[in-house]
Peer 1: 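Sharing a structure here in structure tokens format.
Counting starts at 1 for both ligands and their atoms, following the listed order.
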Amino acid sequence: MSNESHNSNPLPAAPLHDRGVISRFRKYLPITDATPVISLNEGSTPLIHSPRLSEKSGAEVFIKYEGLNPTCSFKDRGMTVAISKAVEAGAHTVICASTGNTSAAAAAYAARAGIKCAVILPAGKIASGKLVQAYLYGAKVIAIDGNFDTALKLVRELGGIPGIEIVNSINPHRIEGQKTAAFEIVEELGDAPDIHILPVGNAGNITAYWQGYREFHTAGHAKILPRMIGFQAAGSAPIFHQKVIDDPHTIATAIRIGNPASWKGASEAVSASAGQINIVTDDEILSAQSWLALNEGIFVEPASAASVAGLFKLGRPEAKRIVLTVTGHGLKDPDTALTTGSYRPLNVDANLAAIRLVLDS
Ligand code: F0G
């Protein structure tokens, strides 16, 4: 190929190896020249306008589709920073408790960094897509007879061992990385939305978004701050009920958490932004999940559908623009959709007449 044809390429000359959230938002992150950047080009996820949600809610609604990150959840944003800082600090192993997505992201970024990863998970409560990720990325998968809260308690105790870094969101580098989703939204909309809705489990993400919006507001990039509205699953709603839930339950296993680590951060985000923590039932979550797939072509995992169920619950809130974060891809958890829905193929004879019959029905 001649030089001339190279020069006519209209794409900007961004270095191919330098496109993740650390390189894009470096000056807002705790990164120094000594930090090795461990990235899989996470972030830059689509902010998709939703005509049907806009019509229903009376506002312009946009969906931040975080399932399109490298390991198919928002966790990659925080993990690129947490693993980069862990490697900088000389860690040989990272460890986390998880309902599945954090473990997938930790395992992937540890593989990328060439360090070890161990994940502690509630046995039998991890969606298959997430579990298979942890295995394939080479993590030591430790299943306990206990829920996420117990797993996190154990992880906190292991964190004191030299060379082992905790990469749950109690590690502040995780929150730093996750705030970049708010930066991207402000960049695309030219300002913050009036309302931001997202699911809440361990409450790191709502804390991170609020931090991101505030930082861009302080830097003069956003004129307004959004009301932060978080939705917990009704059976796992400690912040909503203002009490620890000892035996949390929900079909949305990603947010099956009874004692969130970032409880305080979430409460601050909600009170400072005049927002709220609210709840949606499992039935509302499942019908929002299938509604979003059917009406907008966006397939998300159950926890992520809590945002959509939440907007339905709010009805027509006072707002011009609303952003919903959908946190994880639907393929993370195909089993829940398959077992709770009544999906069957239409078995027909292998001939055109039989197929025409189905098409015409
Ligand atoms: N949505 C999904 C898909 C999640 O995986 C999580 C958390 C949340 C929402 C809630 O975010 O915890 O910051 O409030 N998953 C964690 C995990 C707990 O281990 O993967 P949060």
Side-chain angles (χ1 to χ4, degrees), residues 64-69 71-79 82 95-108 119-122 125-127 129-131 133-134 139 141 147-152 155 166-171 174-175 177-179 181 196-212 228-233 236-240 248 250-267 269-270 277 280 285 288-289 299-310 324-333 336:
K64 184 68 169 160
Y65 194 9
E66 289 287 276
L68 294 192
N69 274 295
T71 75
C72 305
S73 89
F74 72 98
K75 304 287 182 179
D76 296 339
R77 296 179 182 275
M79 210 51 79
I95 186 159
C96 65
S98 182
T99 56
N101 282 325
T102 298
S103 59
V119 301
I120 305 191
L121 313 173
K125 296 291 184 190
I126 306 298
K130 306 173 188 182
L131 201 54
Q133 285 180 296
V141 175
N147 60 30
F148 171 86
D149 305 295
T150 310
L152 185 59
V155 162
I166 298 176
V167 292
N168 279 107
S169 56
I170 53 174
N171 176 335
R174 282 276 313 282
I175 305 288
Q178 282 175 209
K179 76 186 178 189
H196 189 115
I197 301 176
L198 75 173
V200 171
N202 211 25
N205 212 26
I206 191 168
T207 304
Y209 268 95
W210 180 238
Q211 188 176 323
M228 299 300 302
I229 303 189
F231 280 89
Q232 300 194 293
S236 303
I239 306 180
F240 177 78
T250 168
I251 196 140
T253 51
I255 51 173
R256 183 175 165 268
I257 293 175
N259 188 12
S262 297
W263 193 321
K264 197 161 153 263
S267 300
V270 163
I277 296 289
V280 281
I285 286 173
Q289 182 193 29
F299 181 29
V300 301
E301 67 169 285
S304 310
S307 296
V308 181
L324 308 183
T325 296
V326 291
T327 43
H329 201 285
L331 293 175
K332 289 275 194 175
D333 186 5
T336 298

Peer 1: Compute the shortest N/O to N/O distance between Gly204 and ligand 1 and return yes if it is under 3.5 Å, no if not.
Peer 2: yes
Peer 1: As a check for students: among Gly328, Gly265, Ala254, identify the option with a heavy atom nearest to atom 4 (C) of ligand 1.
Peer 2: Ala254
Peer 1: Tell me the closest heavy-atom pair linking Thr99 and Lys130, and the distance in Å.
Peer 2: O-CD, 4.0 Å
Peer 1: Within this structure, what is the NZ-CG distance for the pair Lys64 and Leu198, rounded to the nearest 0.5 Å?
Peer 2: 13.0 Å
Peer 1: What residue and heavy atom of the protein are closest to atom 7 (C) of ligand 1, and at what distance?
Peer 2: Lys75 NZ, 3.0 Å
Peer 1: Using non-hydrogen atoms of the residue, decide whether Ala203 is closer than 4.0 angstrom to ligand 1.
Peer 2: yes
Peer 1: Distance to 0.1 Å, residue and atom name: give those for the protein heavy atom nearest to atom 1 (N) of ligand 1.
Peer 2: Thr327 OG1, 2.6 Å
Peer 1: Quick check on contacts: which atoms of ligand 1 are under 4.0 angstrom from a heavy atom of Val200?
Peer 2: 14 (O)
Peer 1: Just heavy atoms, cut-off under 4.0 Å: does Ile257 contact ligand 1 by side chain, backbone, both, or neither?
Peer 2: side chain
Peer 1: For Ala303, is at least one N or O under 3.5 Å away from an N or O on ligand 1?
Peer 2: no
Peer 1: Please write down residue, atom name and distance for the protein heavy atom closest to atom 12 (O) of ligand 1.
Peer 2: Asn202 N, 2.7 Å
Peer 1: Classify the angle between the aromatic ring planes of Tyr65 and His329 as parallel (below 30°), tilted (30 to 60°) or perpendicular (above 60°).
Peer 2: parallel
Peer 1: How far is atom 11 (O) of ligand 1 from the closest protein heavy atom, and which atom is that?
Peer 2: Phe74 CZ, 3.5 Å
Peer 1: Within the distance-only criterion (no hydrogens, no angle test), does the side chain of Gln232 pair as donor or acceptor with the backbone N or O of Phe240 below 3.5 angstrom?
Peer 2: yes
Peer 1: Could you tell me whether ligand 1 has any atom less than 4.0 Å away from a heavy atom of Ile206?
Peer 2: no
Peer 1: Strictly distance-based, threshold 3.5 Å: is any side-chain N or O of Asn202 a donor or acceptor partner for the main-chain N or O of Ala261?
Peer 2: yes
Peer 1: So does Gly328 get a backbone contact from the side chain of Ser304, meaning a donor-acceptor N/O pair under 3.5 Å?
Peer 2: yes
Peer 1: Please name all residues satisfying side-chain contact (heavy atoms from CB on, under 4.5 Å) with Ala108, sequence neighbours left out, ordered by chain then number.
Peer 2: Leu40, Thr71, Tyr137
Peer 1: Tell me the protein heavy atom at minimum distance from atom 18 (C) of ligand 1, and give that distance in Å.
Peer 2: Thr99 OG1, 3.4 Å
Peer 1: Does Phe148 have any ring pair (Phe, Tyr, Trp, His ring centres under 6.0 Å) partners at least two apart in sequence or in another chain, and if so, which?
Peer 2: none
Peer 1: Of all the atoms in ligand 1, which lie at a distance below 4.0 Å from a heavy atom belonging to Thr102?
Peer 2: 16 (C), 17 (C), 19 (O), 20 (O)
Peer 1: Pull out every atom of ligand 1 sitting under 4.0 Å from any heavy atom of Ser98, numbered as shown with elements.
Peer 2: 17 (C), 19 (O), 20 (O)
Peer 1: What protein heavy atom is closest to atom 5 (O) of ligand 1, reported as residue, atom name and distance in Å?
Peer 2: Asn101 ND2, 2.8 Å
Peer 1: Would you say ligand 1 has an N or O under 3.5 Å from any N or O of Lys130?
Peer 2: no
Peer 1: Would you check the N or O atoms of Gln178, main chain and side chain alike, for any that come under 3.5 Å of an N or O of ligand 1?
Peer 2: no
Peer 1: Verify side-chain contact (heavy atoms from CB on, under 4.5 Å) between Ile206 and Trp210, making sure each step is shown before the conclusion.
Peer 2: CA-CA 6 Å; Ile206 191 168; Trp210 180 238; 5.7 Å; no
Peer 1: Please say whether Asn205 places an N or O atom under 3.5 Å from an N or O atom belonging to ligand 1.
Peer 2: yes
Peer 1: How close do Gly100 and Ser98 get, counting heavy atoms only, and between which atoms?
Peer 2: N-OG, 2.7 Å
Peer 1: Please confirm whether the backbone N or O of Val300 pairs with a side-chain atom of Gln289, one donor and one acceptor, at under 3.5 Å?
Peer 2: yes
Peer 1: Please confirm whether Glu301 comes within less than 3.5 Å of ligand 1 when only nitrogen or oxygen atoms on both sides are compared.
Peer 2: no
Peer 1: Tell me if a side-chain donor or acceptor on Asp149 pairs with a main-chain N or O of Asn259 at a distance below 3.5 Å.
Peer 2: yes
Peer 1: Give the atoms of ligand 1, by number and element, whose distance to some non-hydrogen atom of Ile255 is under 4.0 Å.
Peer 2: 8 (C), 9 (C), 10 (C)
Peer 1: Under 3.5 Å between some N or O of ligand 1 and some N or O of Ser304?
Peer 2: no
Peer 1: Write down the atom of Ala288, the atom of Ala309, and the distance for their closest heavy-atom approach.
Peer 2: CB-N, 3.5 Å
